[in-house]
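These notes concern the structure reproduced below.
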Amino acid sequence: LMFPTCVGVFGFARAATTDMVFSAMLGLAMICALRLAGFPAGTRPPRYWLLLFGATLGMATLAKGPAAIALAGGSVGLWALATRRWKEAFRLMYPSAVITFSIVALPWYVLCALRNPDFVQTFLIAHNIERYLTPLFRHEQPWWFYGPILLLGLVPWTVLIAGVAHDGWRRWRARDWRDSAGPFLFCWAFFPILFFSISKSKLPGYILPTLAPWVLLMARSVGRAIEENGRAARWMLMGVGLTFLGLAGSASYWAKRLPADAGLAQPDRVAWWVTVGFACGAVVALLALFGRPRMAL
């Protein structure tokens, strides 16, 4: 429910770029990595997880280049550093995963390099290394650029980040966080933001791969809160309802101020959907207020 309704997800899904394909394949690869990391050290995981990890990471590399390797490797490396589970991390480099990745990704790159003499310089160096290290393409932004982009991309579920922070703090105090999936998901969610915040070139779509793990963390948080039947679930879902009220109010305000050629040929239909959004937000907020979080969700 949450992931396809995030602004960042359905916005980029309707854009003519490879960002969504890249994020989807990288997300599948990271889910495979999470499964592989869950097997105890000293045991050999099922080979199909290794093959699927190599294949999906190879498809992500085909979609947008070596950034897939950097994001996957950095996220897993950060998790291994935090949990000291290096053996499970190096499991992702088993020969079956590396061979599958090579079979999927390398033929296209080799063929392009053979047929285009400037391929390595133009694509790999200029559009990857130089784009990251220098403001060559004039996409300069401040270091905090991706904070607001993340909050906007997760609308209307942004308020649930508070529940993620609460869960993380509670796990940290209980000292049992190393054995859960939470640290892996957090490293997967945090590393792309850190990686691209350091970059000299910043575009909003660069952190699209981080939306999936953030949604997974928020879903785990709100699900746990509902099961515990505490006040946390009530306040989180009240926040979601109030977010819809705010969206409906801002839509009604800005729709009246759009120019005549903005494409809103049927303003009455806009008013209808604003009314529906406002009513639904009010219902969600009231259900949460009166202790019915499942119905609110």
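We're numbering straight along the sequence, starting at 1. Keep in mind that what you see is a predicted model, and the values were worked out from it rather than measured.
- Side-chain heavy-atom separations under 4.5 angstrom define the hydrophobic clusters, and the remaining members of the one that includes I99 are I103.
- Using modelled atom types, one side-chain atom of R85 and one backbone atom of A37 make a donor-acceptor pair closer than 3.5 Å.
- Although no hydrogens or angles enter the test, the distance criterion places a donor-acceptor pair under 3.5 Å between the side chain of Y146 and the main chain of L203.
- With rounding to the nearest 0.5 angstrom, the CG atom of L286 is 12.0 Å from the CE atom of M295.
- Under the 3.5 Å distance criterion, the side-chain polar atoms of S75 are left unmatched by any main-chain donor or acceptor of F191.
- Taking a 6.0 Å sphere around CZ of R292, one finds it holds 12 or fewer heavy atoms contributed by other residues, nucleotides or ligands.
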>> Show, in sequence, the C-alpha distance, side-chain angles and deciding distance for L62 and F22, and conclude whether the side chain to side chain contact (heavy atoms under 4.5 Å, CB included) test is met.
In response: CA-CA 8 Å; L62 284 176; F22 170 73; over 6 Å; no
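- Within a 6.0 Å radius of CH2 in W273, no more than 12 heavy atoms belonging to other residues, nucleotides or ligands are found.
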> Stepwise, does the salt bridge (charged side-chain N to carboxylate O under 4.0 Å, His left out) test hold for K64 with D19?
Replying inline: CA-CA 7 Å; K64 210 169 175 64; D19 291 283; 3.4 Å; yes
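- A perpendicular orientation is assigned to the rings of W214 and F186, their planes being inclined by more than 60° (bins at 30° and 60°).
- For F278, the CZ atom counts as loosely surrounded, since its 6.0 Å shell holds 12 or fewer non-hydrogen atoms of other residues, nucleotides or ligands.
- A donor-acceptor pair under 3.5 Å links the side-chain atoms of T56 to the main chain of F53, judged by distance alone.
- In this structure, E228 pairs ionically with R170, as a charged nitrogen and a carboxylate oxygen lie closer than 4.0 Å.
- Within the 3.5 Å criterion, the main-chain N or O of L36 finds a donor-acceptor partner in the side chain of R91.
- The side-chain hydrogen bond (donor to acceptor under 3.5 Å, both in side chains) test applied to T5 returns W157, not counting sequence neighbours.
- A donor-acceptor contact shorter than 3.5 Å links the side chain of T18 to the backbone of A63.
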> Should V284 and M238 be marked as a side chain to side chain contact (heavy atoms under 4.5 Å, CB included) after you check the CA-CA gap, both sets of side-chain angles, and the distance that decides it?
Replying inline: CA-CA 7 Å; V284 170; M238 274 187 63; over 6 Å; no
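- In R220, the CZ atom is crowded: over 12 heavy atoms of neighbouring residues, nucleotides or ligands sit closer than 6.0 Å.
- Each of V159 and V7 belongs to its own hydrophobic cluster when Ile, Leu, Val, Met, Phe, Trp and Tyr are linked at side-chain heavy-atom distances under 4.5 angstrom.
- With T210 contributing its side chain and A189 its backbone, the two residues share a donor-acceptor pair below 3.5 Å.
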>> Go through it in stages, so that I can follow the logic: the residues are L71 and M30, the test is side chain to side chain contact (heavy atoms under 4.5 Å, CB included), and I'd like the CA-CA distance, side-chain angles, deciding distance and then a yes or no.
In response: CA-CA 10 Å; L71 295 182; M30 293 302 294; over 6 Å; no
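- Not one N or O on the side chain of T100 forms a donor-acceptor pair closer than 3.5 Å with the backbone of A55.
- Note on L185 and I207: same hydrophobic cluster, where clusters join Ile, Leu, Val, Met, Phe, Trp and Tyr whose side-chain heavy atoms are under 4.5 Å apart, directly or indirectly.
- For D167 and R224, the salt-bridge test passes: some basic side-chain N is under 4.0 Å from an acidic carboxylate O.
- The aromatic rings of F184 and W79 sit perpendicular, their planes meeting at an angle over 60°, well past the 30° parallel limit.
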